[in-house]
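In what follows, a structure is listed as structure tokens, so that the remarks can point back to it.
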There are 2 protein chains.
Amino acid sequence: MNYYTISQLAEQFDISTRTIRYYEERGLISPIRTESGQRLYTKKDRAVLKLILRGKRFGFSLEEIHEMISLFDNDRTGRKQLEKTIAYGEQKLKEVTERIEDLMQLKQEMEAILADFRERLQKLEGVE
Amino acid sequence: MNYYTISQLAEQFDISTRTIRYYEERGLISPIRTESGQRLYTKKDRAVLKLILRGKRFGFSLEEIHEMISLFDNDRTGRKQLEKTIAYGEQKLKEVTERIEDLMQLKQEMEAILADFRERLQKLEGVE
DNA sequence: GTTGACTTTTACGTAAACGTAAACTAAAAT
DNA sequence: ATTTTAGTTTACGTTTACGTAAAAGTCAAC
């Protein structure tokens, strides 16, 4: 298998190494170590990092992202655990759905405003 | 016309008065004042506040939201101004569109994971 | 085998977005 | 008329999410 160093990942995602170490401090990512203590990241670690950054773009806090990651990550075997996980997941899914609807409304409003501006510009050009 | 007090707005949106004053500090909202210096908010101010909070939910910084507000707010009359505004608006619209697509992908992934969990639960219940 | 790039931990610094407390004034209620 | 209640400014405090610098160890290249 193949590993990434911290600076490789940092470059790939255009973030600092400090940022990656900070995510580790907060328990969001857990790379293995070489004998001498250097961090090594697997493809899976990379995927987690990608997930973190996407969550951030959506305005989720690291705390929320942490919750979501443990949702996907932990193999919850017990029935109660599964039910809890599903309930939590359904709630998060609902939140995401609401956000999408909200954003689509914003999009429509922006399009309307833009249409208005374009019309104004047309009139100005007509006069000229 | 009808005005809102700061605490009325705070209650309506479930935020603190400090938060509203902070948005004013940052130039995002500009209520009128009574003779004695108390803030009064119009329907339009309320709409702006709503916009701010929506922007925040989407993960935009107050700085970005400030920009967007002045975009919608200022009556830009000159041709150059109009063109600039339209260009900026189109860019923001693109960002929003991308975000929607991104979120929809996240939604699908979450749905897949949830389906998997539900299947596991089914199997457990079948055994029981 | 030493220079230079990279990594580690520790620790203090910082910007954004408010929270909170003090000291005071105005409005509303009793 | 005088308590509450709500509002104001000023200013320091706090959390999140890192930035930055120091001191020391390690890896890669020449």
Side-chain angles (χ1 to χ4, degrees), chain A residues 1-42 45-46 48-70 92 95 99, chain B residues 1-42 45-46 48-70 92 95 99:
Chain A
M1 209 194 236
N2 222 347
Y3 294 108
Y4 303 101
T5 70
I6 192 164
S7 56
Q8 280 171 350
L9 276 193
E11 196 187 345
Q12 285 176 35
F13 291 109
D14 196 30
I15 56 180
S16 73
T17 58
R18 174 68 176 98
T19 297
I20 299 178
R21 289 197 193 93
Y22 180 68
Y23 295 160
E24 184 178 347
E25 268 182 53
R26 300 293 309 272
L28 290 161
I29 194 169
S30 305
I32 58 166
R33 302 286 187 127
T34 68
E35 245 180 75
S36 64
Q38 290 203 358
R39 294 170 172 84
L40 288 182
Y41 298 86
T42 65
D45 290 325
R46 206 192 106 105
V48 169
L49 184 53
K50 203 170 179 178
L51 223 153
I52 296 170
L53 297 176
R54 190 167 57 183
K56 289 228 63 196
R57 281 205 309 283
F58 299 150
F60 290 112
S61 72
L62 290 183
E63 190 55 36
E64 288 175 289
I65 296 171
H66 185 107
E67 276 180 356
M68 296 170 93
I69 286 177
S70 27
K92 281 291 160 191
E95 281 178 38
R99 249 182 221 208
Chain B
M1 208 196 235
N2 220 349
Y3 293 108
Y4 302 100
T5 70
I6 193 165
S7 56
Q8 280 171 349
L9 277 192
E11 196 186 347
Q12 286 176 34
F13 290 108
D14 196 31
I15 56 180
S16 72
T17 58
R18 174 68 175 97
T19 296
I20 300 178
R21 290 198 194 94
Y22 180 68
Y23 294 159
E24 184 177 347
E25 268 181 51
R26 300 292 309 271
L28 291 161
I29 194 169
S30 306
I32 58 165
R33 303 283 188 130
T34 68
E35 245 180 76
S36 64
Q38 290 202 357
R39 293 169 173 85
L40 288 182
Y41 298 86
T42 65
D45 290 326
R46 205 192 106 105
V48 169
L49 185 52
K50 203 170 178 178
L51 223 153
I52 296 171
L53 296 176
R54 191 165 58 182
K56 289 229 64 194
R57 281 205 309 283
F58 300 149
F60 291 112
S61 71
L62 290 182
E63 190 55 35
E64 287 175 290
I65 297 171
H66 186 106
E67 275 180 358
M68 295 169 93
I69 286 177
S70 27
K92 281 292 160 189
E95 280 178 40
R99 247 180 223 210

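A, B, ... follow the sequence lines: proteins, then strands. Residue 1 opens every chain.
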[X] side, atom [atom1]; [Y] side, atom [atom2] - distance, nearest 0.5 Å:
| X | Y | atom1 | atom2 | answer |
| --- | --- | --- | --- | --- |
| A:Q8 | A:I6 | CD | CD1 | 11.0 Å |
| A:H66 | A:S61 | NE2 | OG | 11.0 Å |
| A:E67 | A:F60 | CD | CZ | 11.0 Å |
| B:F13 | B:L53 | CZ | CG | 6.5 Å |

Exercise for review: From the options A:D45, A:I52, A:L9, select the one residue that forms a side-chain contact (heavy atoms from CB on, under 4.5 Å) with A:I20.
Suggested key: A:L9

Point to revise | Selection: residues 56-63 of chain A, any non-hydrogen atom under 4.0 Å of DNA chain D | key: A:K56, A:S61, A:L62

Check your understanding: Quick one: are A:Y4 and A:L40 in side-chain contact, heavy atoms under 4.5 Å?
Key -> no

Review point. Is any side-chain heavy atom of B:F58 closer than 4.5 Å to a side-chain heavy atom of B:E95?
Key: no

Point to revise | Spacing between A:Y41 atom OH and C:dT7 atom C1', to the nearest angstrom | key: 10 Å

Point to revise | Spacing of B:R39 atom CZ relative to C:dT25 atom P, expressed in whole Å | key: 17 Å

**Study point:** Any residue of residues 27-36 of chain B with a heavy atom less than 4.0 Å from an atom of DNA chain C
**Key:** B:S36

Exercise for review: Go through residues 6-24 of chain B and report each residue with a non-hydrogen atom lying under 4.0 Å from DNA chain C, sorted by number.
Suggested key: B:S16, B:R18, B:T19, B:Y22, B:Y23

Check your understanding: Honestly, is B:R39 close enough over B:Y23, meaning NZ or CZ under 6.0 Å from the six-membered ring centre and within 45° of the axis?
Key -> no

Could you list the donor-acceptor pairs under 3.5 angstrom formed by side chains in residues 25-34 of chain B, with sequence neighbours left out?
from: B:E25; atom 1: OE2; to: B:R18; atom 2: NH1; distance (Å): 3.3
from: B:R26; atom 1: NH1; to: B:Y22; atom 2: OH; distance (Å): 3.2
from: B:R26; atom 1: NH2; to: B:E63; atom 2: OE1; distance (Å): 3.3
from: B:R33; atom 1: NH1; to: B:G37; atom 2: O; distance (Å): 2.8
from: B:R33; atom 1: NH2; to: B:E24; atom 2: OE2; distance (Å): 3.4
from: B:T34; atom 1: OG1; to: B:S36; atom 2: N; distance (Å): 3.3
from: B:T34; atom 1: OG1; to: B:S36; atom 2: OG; distance (Å): 3.1
from: B:T34; atom 1: OG1; to: B:G37; atom 2: N; distance (Å): 3.4
from: B:T34; atom 1: OG1; to: B:Q38; atom 2: N; distance (Å): 3.1

Check your understanding: Can you give the first and last nucleotides of DNA chain D, 5' to 3', that have an atom under 4.0 Å from a heavy atom of chain B?
Key -> D:dA6 to D:dA11

Point to revise | Which atom of B:K56 lies closest to which atom of B:L62, heavy atoms considered | key: CD-CD2, 4.0 Å

Exercise for review: Give the minimum heavy-atom separation between B:A10 and B:S16, together with the two atoms involved.
Suggested key: CB-C, 4.1 Å

**Study point:** Partner set under side-chain hydrogen bond (donor to acceptor under 3.5 Å, both in side chains) for A:Q12, not counting sequence neighbours
**Key:** A:R46

**Study point:** Steps toward side-chain contact (heavy atoms from CB on, under 4.5 Å) verdict (A:R99, B:R99)
**Key:** CA-CA 10 Å; A:R99 249 182 221 208; B:R99 247 180 223 210; over 6 Å; no

